[in-house]
J.: 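Here's a structure for you.
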Amino acid sequence: MEYKFRDIEKKWQDAWKVNKVYKVSNESTKPKYYVLDMFPYPSGAGLHVGHPLGYIASDIYARYKRLKGFNVLHPMGFDSFGLPAEQYALETGQHPAETTKKNIATFKSQLDKIGFCYDWEREVQTSDPNYYKWTQWIFLKLYNSYYNRSTQKAEPIAELVKEFENNGTVNCQLSTVNSFTASEWKSFDEATRQSILMDYRLAFSSYGEVNWCEALGTVLANDEVVNGVSERGGHPVEKRKMRQWYLRITAYAERLLEGLETVDFSDSMKEMQRNWIGKSSGAEMDFAIKGKDKKLRVYTTRPDTIFGVDFMVLAPEHDLVEQITTTEQKAGIEKYLQYVKSRSDRERQSEVKQITGCFTGAYAVNPFDGREIPIWIAEYVLAGYGTGAIMAVPCGDERDFAFANHFNIPITNIIGEHFNGKEANATKEAILQNSGFLNGMLMKDAIDVAITKIEELGIGKRKVNYKMRDAGFSRQRYWGEPFPIIWSDGIALPLDAAELPLELPHVDKYGPGPSGEGPLANLTDWVTVSNGRRETSTMPGYAGSSWYFLRYMDPHNDKTFCDRTVSDYWNQVDLYIGGTEHAVGHLLYSRMWTKVLYDLGMIGHDEPYKRLVNQGMIQGSSRFVYRVKVATTVFPLEIFDSKQIFISHGIYQKWNENLIDGQGLHKLIQEVFPIIPEYKEKDGITGFIITPLHVDVNIVDGYELNIEEFKKWRNGEYVDAVFIKEDEKYLCGSEVEKMSKSKFNTVNPDDLVNRYGADTFRMYEMFLGPVEMSKPWDTKGIEGVHRFLKKLWRLFFDEVKGPIWTTTAPSPLERAGGEAATDAEWKALYKGLKKIEEDTERFSFNTGVSGFMILVNELSDIKCHKKEVLEKMLIALVPYAPHISEELWSLLGNAGTILDAAYPVIEKSYLVESSKEYPISINGKVRTNINISLEATQPEVEQIVLANEVVQKWLEGKPPKKIIYVKNRMVNVVV
RNA sequence: GCCCAGAUGGCGGAACUGGUAGACGCGUCAGACUCAAAAUCUGGUAUUCGCAAGGAUGUGCAGGUUCGAUUCCUGUUCUGGGCACCA
């Protein structure tokens, strides 16, 4: 009997579906385990081999936990709102709802073929009104809450209103907001009160900058802006202020930082989040501005360098710029502001070689020595960080130094010999000079002294600062959750919870609305309501994905987003698998939402993910063909119209390295294409233009192009192509790039599953390497894994003899007279299973697969066909290759599904060893091996080792200096 | 530019806590079976010197710590991911 994987996999996938074996209950006596994959966006291109990497890993672990006796939740769903669907709608007129539905169907059928153990009854889609109803509901909770700094948690905004009514702002520590008394609060009109409350709400509206493209009349995502112009059409893009919604994630900065201590993420992942939050401590202080009744507030982490301040730099967007610029400088400043408008934040920070800035004409006054300090504006200072203004200390800061140098600003040296005049030195270890009351102090000690003095003088105070900014939460787009908000005379009125979901209305056109608003603004009937005008922005992609892990627990609940008893049962996600690209976006947002829901008492835990494992990205290995075109100025064009000439990679390389000239190439072309005219040059130009073109990797075998397939490719575009080969082959060039449809380097899992089966595909994806590492996809090698499964099959079946397994208690189907398994057979099994279990436990699935290969090789070598041995191996194989395991399990005569079998327990008695073949090194280099008992003591070992003739030879009669013996490891003789 | 990660044979990778570098698989070479092919099986396969025994070199690059370093430290190069409106 042959291994007919197609029949087997189809059969069991159907049976599992009919028997609902993956249905998960919220009630169980077993311990729970929650395994989650990062929410996929259902792109139109379908699944490529990169997607399932993490899904297979999580599926293996989920199945493993199930065999180990856990009630495992392993759901899947779709993050189905998003820009690509809308972009596609804009281009083709198809409604995003339609294309999204189609894409999801494709994704699901592709996923199902790989044999995942998802409970599809728990599927969620963020664009489903039954889902986004609760996204909107949570938004309203955020809107109606504020962060209470005394209790350090979110509380209903009504509590704050009460506080204002009773005590005003006395107990509210929010430095950016004006203070008032209780009676003042009562005297404010509604608009004023609401605008004050807006400064406290966790979801709030304010003004922020967007990428505005005048030509397209729309706001663009960063993704859609390339080199300062729009990707579509190449129109100029500039920044513009618009009303936006934000989430006050900054209120949670400290808790997001502290929470990292309680979760099991990789150190690098935590580091990235810490850097993103960017906590720093220092001081905020005010500088008087000469001749103005204005103060310039700066934030600095190095108040010890206060006497080294040689200039001030404001962010170009800073409010003070307009007020302090002198008439002489006005023109220059305006020109500079115009320039900055066209620059993205990224460009402003990354281009350090090009130094730009402009003097405002104004001066700040150093409060300690009265020195007048010129105030500049420069793009390297960003408005969003700190106070949007810095005090520049060129002797201690590289960028300040470069700036001072560029604009010839004199530099004050406060660190003596530590500053060499050629580059800044950011040390904290220097003794301060030229520094007034700080003279003679070590810099790191002076920081505190300076802050104390600043506070004494009342010109500033100690301040902890976070680099993180509040998260922009609105998009001027169609395909997202509508905000449950109505604007009435500038006041935002939330909808009542009973009015949810506010459904996304149907539109026929996806173009932008007037004055930069989203497409919804075009629907006058929808926008206009009796008490005002609806918010026309929609929520961003991360809205739905910030809480989806909760909805999976209780997906059909129409009373609440997730019942508290259910969320208490499933609690945190025990294992979350996904890419590092979400390190600071999605992960921080969902952590924040979780904390808010926790504060409001709606869930019982404040960190969503207990453990996070990052999967690497599978890159594509692109293939190139090299097309030769001729310049019309040299050759008559017509003859090349019908034919396209391609040169093999080797020839292309020679051409590139000038190892072959025009004449040489001409000769090669002539061999296959005799009608080419005589060789010509014009002004020393050969007239050959060679262009690398991406070619579909699926019609290339290794590097060799399948010419017949190529001629059929792209509707016969290359049907008449002519090839200049090397060694009778056309070889393609290659490059590792991101896997993408446009690069023709995507590999579809369906083809591989068809050809080799899901079990082979699953094991091969794991066998490629560690899950967390990025690697290029290469289909070569999948044969090896397939061969392994066939070899495993042959432990049970012989091509001619049929079933060959034996057992001591034969059933009619089986061969009688089986013998009990030998110690050697048990030892081989348990040694293998031990490695496999340990590897699975630590997510080392690639070595887990190789463990199975070693085990099957060994069992084949010792001709072990004992049912009792093979059966245990099958159970351990379920997570990796569920279909073949289930088939063989059932063929062995077992009743019930193997998915619920008990994971084999390792009998350690078979694994005990009494001696070891020790490597013996001389000076760290292995020279021989000696078998020594594991019981041996140091003196015994020394005696055995020194008696060895190889060791004797290397000692050359000299006594050893030292003998290092590490039990169960090695012996090293130092000479 | 800033933050994070990675680099080991022809290729994917293994070596988990500083202890035999190259497990397992691909490819390749030789052989068996076969009229032949496929499938399968057996053996070799880091580089280099040597008939062999055996030796030397070798984990991106340059140093350091150690009896011993792919593993730890310092510096450096290249590649990938992120940088706030792709998801």
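Just so it is clear, the structure is predicted and the values come from calculations on it, not from any experiment. Numbers restart at 1 for each chain; the letters A, B, ... are given by sequence-line order, proteins then strands.
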J.: Counting side-chain heavy atoms from C-beta on, which of B:C85, B:G68, B:A87 comes nearest to A:Asn972?
T.: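 In terms of side-chain proximity for A:Asn972, the closest of B:C85, B:G68, B:A87 is B:G68.
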J.: If you only use heavy atoms from C-beta on, which nucleotide in B:U20, B:C83, B:U57 is closest to the side chain of A:Pro919?
T.: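 Shortest atom-to-atom distance from the side chain points to B:U20.
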J.: Would you tell me if any nitrogen or oxygen in the side chain of A:Asn846 comes within less than 4.0 Å of OP1 or OP2 on B:A14?
T.: yes
J.: Does A:Trp954 place a side-chain N or O at less than 4.0 Å from the phosphate oxygens OP1/OP2 of B:G55?
T.: yes
J.: Closest to the A:Val974 side chain: B:C67, B:C24, B:C83?
T.: B:C67
J.: Applying a 3.5 Å limit to both distances, which nucleotide forms a Watson-Crick or G-U wobble pair with B:G22?
T.: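 Result: none.
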J.: Whole angstroms only, please: what is the CD-P distance between A:Glu799 and B:U34?
T.: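 For the pair A:Glu799 CD and B:U34 P, the rounded distance is 16 Å.
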J.: Of the listed nucleotides (B:C26, B:C86, B:G13), which one gets closest to any side-chain atom of A:Leu83?
T.: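 Selected nucleotide (nearest to the side chain): B:C86.
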J.: Write down the partner of B:A52 under the Watson-Crick or G-U wobble criteria, each distance required to be under 3.5 Å.
T.: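 None - no nucleotide pairs with B:A52, as no candidate has both distances under 3.5 Å.
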J.: Heavy atoms under 4.0 Å, any strand shown: does A:Glu209 hit a base, just sugar-phosphate, or nothing?
T.: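 The answer is nothing, as A:Glu209 stays clear of every strand by at least 4.0 Å.
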J.: Does a side-chain N or O of A:Arg399 approach OP1 or OP2 of B:C2 to a distance below 4.0 Å, or not?
T.: no
J.: Indicate whether OP1 or OP2 belonging to B:G18 is found under 4.0 Å from a side-chain N or O atom of A:Arg969.
T.: no
J.: In terms of the angle between their ring planes, are A:Phe483 and A:Trp245 parallel, tilted or perpendicular, with boundaries placed at 30° and 60°?
T.: parallel
J.: Base, sugar-phosphate or nothing for A:Ser474? Non-hydrogen atoms, less than 4.0 Å.
T.: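 Result for A:Ser474 = base.
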J.: Counting only Watson-Crick pairs (N1-N3 plus N6-O4 or O6-N4) and G-U wobbles (N1-O2, O6-N3), all under 3.5 Å, who is the partner of B:G6?
T.: B:C78
J.: What is the nucleic acid contact for A:Val973, judged by heavy atoms within less than 4.0 Å: base, sugar-phosphate only, or nothing?
T.: nothing
J.: On RNA chain B, does the nearest nucleotide to A:Lys953 precede the nearest nucleotide to A:Gly784 from the 5' side, or the other way round? Give the residue.
T.: A:Gly784
J.: Please determine if A:Glu858 and A:Lys831 form a salt bridge, counting it only when a charged side-chain N lies under 4.0 Å from a carboxylate O.
T.: yes
J.: For B:C24 versus B:A37, give the span between their C1' atoms, rounded off to a whole number of Å.
T.: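 29 Å, rounded to whole Å.
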J.: Whole angstrom is fine here: how far is it from CE in A:Met773 over to P in B:G81?
T.: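 It is 15 Å, rounded to the nearest whole Å.
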J.: Assign A:Asn857 to base, sugar-phosphate, or nothing according to its heavy-atom contacts below 4.0 angstrom with the strands shown.
T.: sugar-phosphate
J.: The side chain of A:Lys925 lies closest to which of these nucleotides: B:U57, B:U17, B:C24?
T.: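 Taking heavy atoms from C-beta onward, the closest nucleotide is B:U57.
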J.: Quick one: does A:Glu581 reach the base of B:C86 with a side-chain donor-acceptor pair under 3.5 Å?
T.: no
J.: Answer with base, sugar-phosphate or nothing: what part of the nucleic acid does A:Ile964 contact at a heavy-atom distance below 4.0 Å?
T.: base
J.: Counting heavy atoms from C-beta on, name the nucleotide in B:G80, B:C24, B:C41 closest to the side chain of A:Arg794.
T.: B:C41
J.: Would you measure the distance from the C1' atom in B:C26 across to the matching atom in B:U70 and give it in whole Å?
T.: 23 Å
J.: With a 3.5 angstrom cut-off on both distances, give the Watson-Crick or G-U wobble partner of B:C72, or none if there isn't one.
T.: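 Check on B:C72: paired to B:G64, both distances under 3.5 Å.
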J.: Just call it for A:Met468: base, sugar-phosphate, or nothing, with non-hydrogen atoms closer than 4.0 Å on any strand.
T.: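 Since a base atom lies under 4.0 Å of A:Met468, the category is base.
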J.: Look at the side chain of A:Arg842 and decide which nucleotide, out of B:C41, B:A15, B:G12, has an atom nearest to it.
T.: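 In terms of side-chain proximity for A:Arg842, the closest of B:C41, B:A15, B:G12 is B:A15.
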J.: Reckon A:Arg475 has a side-chain N or O less than 4.0 Å from the OP1 or OP2 of B:C85?
T.: yes
J.: For A:Tyr385 and B:G1, give me the distance from atom OH to atom P, rounded to whole Å.
T.: 20 Å
J.: For the residue pair A:Tyr548 and A:His586, does the interplanar ring angle fall in the parallel (under 30°), tilted (30 to 60°) or perpendicular (over 60°) class?
T.: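 Tilted: the ring planes of A:Tyr548 and A:His586 meet at 30° to 60°.
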J.: Mind checking A:Val225 for me? I need base, sugar-phosphate or nothing, with any heavy atom below 4.0 Å counting as a touch.
T.: nothing
J.: Could you check how far CE of A:Met853 sits from P of B:G25, rounded to whole Å?
T.: 6 Å
J.: To the nearest Å, give me how far apart CG (A:Asp861) and C1' (B:C41) are.
T.: 11 Å
J.: Check the angle between the aromatic planes of A:Tyr131 and A:Phe39 and answer parallel, tilted or perpendicular using the 30° and 60° thresholds.
T.: tilted
J.: Could you please name the partner base of B:C85, counting Watson-Crick and G-U wobble pairs only when both distances are under 3.5 Å?
T.: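 Pairing partner: none.
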J.: What distance, rounded to whole Å, do you find between the two P atoms, one in B:G81 and one in B:C86?
T.: 16 Å
J.: Which nucleotide wins on minimum distance to the side chain of A:Asn222, given the candidates B:C86, B:C3, B:G27?
T.: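 Of the candidates, B:C86 comes closest.
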J.: Step by step, would you call A:Gln244 with A:Ser474 a side-chain hydrogen bond (donor to acceptor under 3.5 Å, both in side chains)?
T.: CA-CA 6 Å; A:Gln244 303 287 332; A:Ser474 47; 2.9 Å; yes
J.: Students often get this wrong, so: under 4.0 angstrom with heavy atoms, is A:His586 touching a base, only sugar-phosphate, or nothing?
T.: nothing
J.: Rounded to whole angstrom, note down the P distance from B:A69 over to B:G19.
T.: 11 Å
J.: Using Watson-Crick or G-U wobble geometry with both distances below 3.5 Å, tell me the partner of B:A46, or none.
T.: B:U57
J.: B:C24 C1' sits how many Å from A:Lys831 NZ, rounded?
T.: 14 Å
J.: CG of A:Asp223 versus C1' of B:C83: gap in Å, rounded?
T.: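 Roughly 13 Å, once rounded to whole Å.
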J.: State the pairing partner of B:A38; accept Watson-Crick or G-U wobble contacts with both distances under 3.5 Å, and report none otherwise.
T.: none
J.: Step through the shown structure and confirm whether more than 12 heavy atoms of other residues, nucleotides or ligands are within 6.0 Å of NZ on A:Lys834.
T.: no
J.: Looking only at atom C1', what distance separates B:G80 and B:G60, rounded to whole Å?
T.: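 It comes out at 15 Å once rounded to the nearest Å.
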J.: Does a salt bridge link A:Glu838 with A:Lys835, judged by any charged N lying under 4.0 Å from a carboxylate O?
T.: no
J.: With rounding to the closest Å, how many angstrom separate the C1' atoms on B:U47 and B:G10?
T.: 13 Å
J.: If the plane angle is over 60° it's perpendicular, under 30° parallel, otherwise tilted; pick one for A:Phe473 and A:Trp593.
T.: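 It falls in the tilted class, 30° to 60°.
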J.: Taking for each residue the nucleotide of RNA chain B bearing the nearest heavy atom, is the 5' side occupied by A:Glu772 or by A:Ser80?
T.: A:Glu772
J.: Tell me what A:Lys835 touches on the nucleic acid: a base, only sugar-phosphate, or nothing, going by heavy atoms under 4.0 Å.
T.: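 Nothing, no nucleic acid heavy atom in range.
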J.: A:Leu220 and A:Ser230: which non-hydrogen atoms are nearest, and at how many Å?
T.: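 What the structure gives for the nearest pair is CD1-CB, 3.5 Å.
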J.: Please measure how far the C1' atom in B:U42 lies from the corresponding atom in B:C33, and state the result in whole Å.
T.: 11 Å
J.: Any salt bridge between A:Glu379 and A:Arg343, counting N to O under 4.0 Å?
T.: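 Salt bridge present between A:Glu379 and A:Arg343.
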J.: Looking only at atom C1', what distance separates B:U59 and B:G18, rounded to whole Å?
T.: 15 Å
J.: Can you measure A:Leu792 atom CG to B:G25 atom P for me and round it to whole angstrom units?
T.: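 After rounding, the reported distance stands at 14 Å.
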J.: May I ask you to say what A:Pro770 touches in the nucleic acid, namely base, sugar-phosphate or nothing, with a heavy-atom cut-off under 4.0 Å?
T.: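 Answer is sugar-phosphate: A:Pro770 comes under 4.0 Å of backbone atoms only.
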J.: Under 4.0 Å between a side-chain N/O of A:Arg927 and OP1 or OP2 of B:G55, yes or no?
T.: yes
J.: Out of B:G12, B:C26, B:C85, which has the shortest distance to the side chain of A:Val219?
T.: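 Closest of the options to the side chain of A:Val219: B:C85.
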J.: If you only use heavy atoms from C-beta on, which nucleotide in B:C26, B:G54, B:A14 is closest to the side chain of A:Arg787?
T.: B:C26
